[in-house]
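Heads up, the thing below is written out as structure tokens.
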Amino acid sequence: QLQLVESGGGLVQPGGSLRLSCAASGFTLDYYAIGWFRQAPGKEREGVSCISRSDGNTYYADSVKGRFTISRDNAKNTVYLQMNSLKPEDTAVYYCAAAGIITTVQAMCAMTTGYDYWGQGTQVTVSS
């Protein structure tokens with residue numbers, strides 16, 4: 001079965017850290033650009049961070065720049081999102097998505113449709 005599976009979400013206090021993982025099953029992530037998106041209750045899904053297929057280009061939304069880091073380990077067929085200095089406004093369901101063809105990582109993160117695969121999401125709650 002071809003799918004993306006997110007993990008690593010949970011409840012964390014403000015200022016804390018979490019690392020999300022996006023693992024591919026049934027296909028190789030090497031051939032895909034990967035994006036992390038999030039959707040808070042009552043809000044639209046938004047792009048958080050995206051990473052290109054091979055040259056390591058990355059993009060971060062202004063709201064997470066300097067706090068989140070996206071990386072990929074193709075040997076483990078996994079993409080990570082390290083989230084530091086978490087804020088209550090980071091609370092959302094986080095999804096990863098894979099795209100075989102993109103123009104730029106910035107353009108990728110601006111889109112929430114047209115992806116080859118989506119994961120099921122993992123809840124991140126930042127609260128004291």
Side-chain angles (χ1 to χ4, degrees):
Q1 187 175 2
L2 308 180
Q3 60 180 351
L4 291 172
V5 179
E6 302 97 335
S7 61
L11 173 64
V12 64
Q13 292 186 341
S17 298
L18 285 173
R19 188 177 79 158
L20 304 184
S21 298
C22 171
S25 175
F27 66 101
T28 303
L29 278 183
D30 296 31
Y31 303 112
Y32 295 87
I34 304 298
W36 282 99
F37 299 80
R38 66 186 181 187
Q39 188 165 18
K43 295 188 177 181
E44 294 186 352
R45 191 170 297 190
E46 62 175 354
V48 174
S49 182
C50 293
I51 188 167
S52 63
R53 185 174 61 183
S54 58
D55 59 10
N57 281 344
T58 58
Y59 168 83
Y60 297 94
D62 287 343
S63 58
V64 306
K65 202 171 295 183
R67 300 187 297 122
F68 290 11
T69 303
I70 191 170
S71 62
R72 62 190 305 155
D73 185 339
N74 288 342
K76 295 184 178 180
N77 218 23
T78 301
V79 172
Y80 303 99
L81 185 68
Q82 178 66 44
M83 306 187 297
N84 298 329
S85 303
L86 282 162
K87 304 175 181 180
E89 51 263 43
D90 295 317
T91 296
V93 179
Y94 284 70
Y95 301 88
C96 63
I101 299 174
I102 66 168
T103 52
T104 66
V105 286
Q106 182 173 359
M108 179 181 181
C109 265
M111 297 166 37
T112 56
T113 59
Y115 290 90
D116 297 285
Y117 303 101
W118 279 96
Q120 83 291 346
T122 186
Q123 176 71 47
V124 171
T125 302
V126 185
S127 175
S128 55

Gln82 CD: over 12 foreign heavy atoms closer than 6.0 Å: yes

Linked, directly or transitively: Phe37 and Met111 (ILVMFWY side chains, under 4.5 Å): yes

Hydrophobic cluster membership, Met83 vs Val93, 4.5 Å side-chain cutoff: no

Contact summary for Ile102 and Ala99, nearest pair of heavy atoms: CG2-CB, 3.7 Å

Taking every non-hydrogen atom, the tightest pair across Met108 and Ala97: CE-O, 4.1 Å

Geometric class of the Tyr94/Phe68 ring pair [parallel <30°, tilted 30-60°, perpendicular >60°]: tilted

Smallest separation among heavy atoms of Trp36 and Cys22, with atom names: CZ2-CB, 3.5 Å

Heavy-atom side-chain contact between Arg45 and Tyr95 under 4.5 Å: yes

Asn57 side chain to Ser52 backbone, donor-acceptor under 3.5 Å: no

Interatomic distance, Asn77 atom CG to Ser21 atom OG [nearest 0.5 angstrom]: 12.0 Å

Hydrophobic cluster identity match, Leu2 and Tyr31, side-chain contacts under 4.5 Å: yes

ILVMFWY network linking Ile34 to Tyr117, side-chain heavy atoms under 4.5 angstrom: yes

Any Asp90 side-chain heavy atom under 4.5 Å of Arg38 side chain: yes

Ser54 backbone acceptor or donor facing Arg72 side chain under 3.5 Å: no

Separation of Tyr80 OH from Ile51 CD1 (nearest 0.5 Å): 12.0 Å

Point-to-point distance, once rounded to the nearest 0.5 Å, from CZ of Arg67 to OG of Ser85: 7.0 Å

Exercise: identify the closest heavy-atom pair between Ala92 and Ala40: CB-N, 3.8 Å

Heavy-atom pair with the smallest gap, counting every atom of Ala61 and Gly47: CB-O, 3.6 Å

Single-linkage hydrophobic cluster, 4.5 Å side-chain cutoff, Leu18 and Val64 together: yes

Donor-acceptor contact below 3.5 Å, side chain Gln120 vs main chain Glu6: yes

Working for side chain to side chain contact (heavy atoms under 4.5 Å, CB included), residues Thr91 and Gln123: CA-CA 8 Å; Thr91 296; Gln123 176 71 47; 4.0 Å; yes

Spatial distance of atom CD (Glu89) from atom NZ (Lys43) [nearest 0.5 Å]: 8.5 Å

Candidates Ile70, Val48, Val79, Val124 - the one meeting side chain to side chain contact (heavy atoms under 4.5 Å, CB included) with Leu20: Val124

Euclidean distance, Leu11 CG relative to Ser128 OG, rounded to 0.5 Å: 9.5 Å

Leu4 CG to Leu29 CG distance, which is reported to the nearest 0.5 Å: 6.0 Å

Close side-chain approach of Thr69 and Tyr60, heavy atoms under 4.5 Å: yes

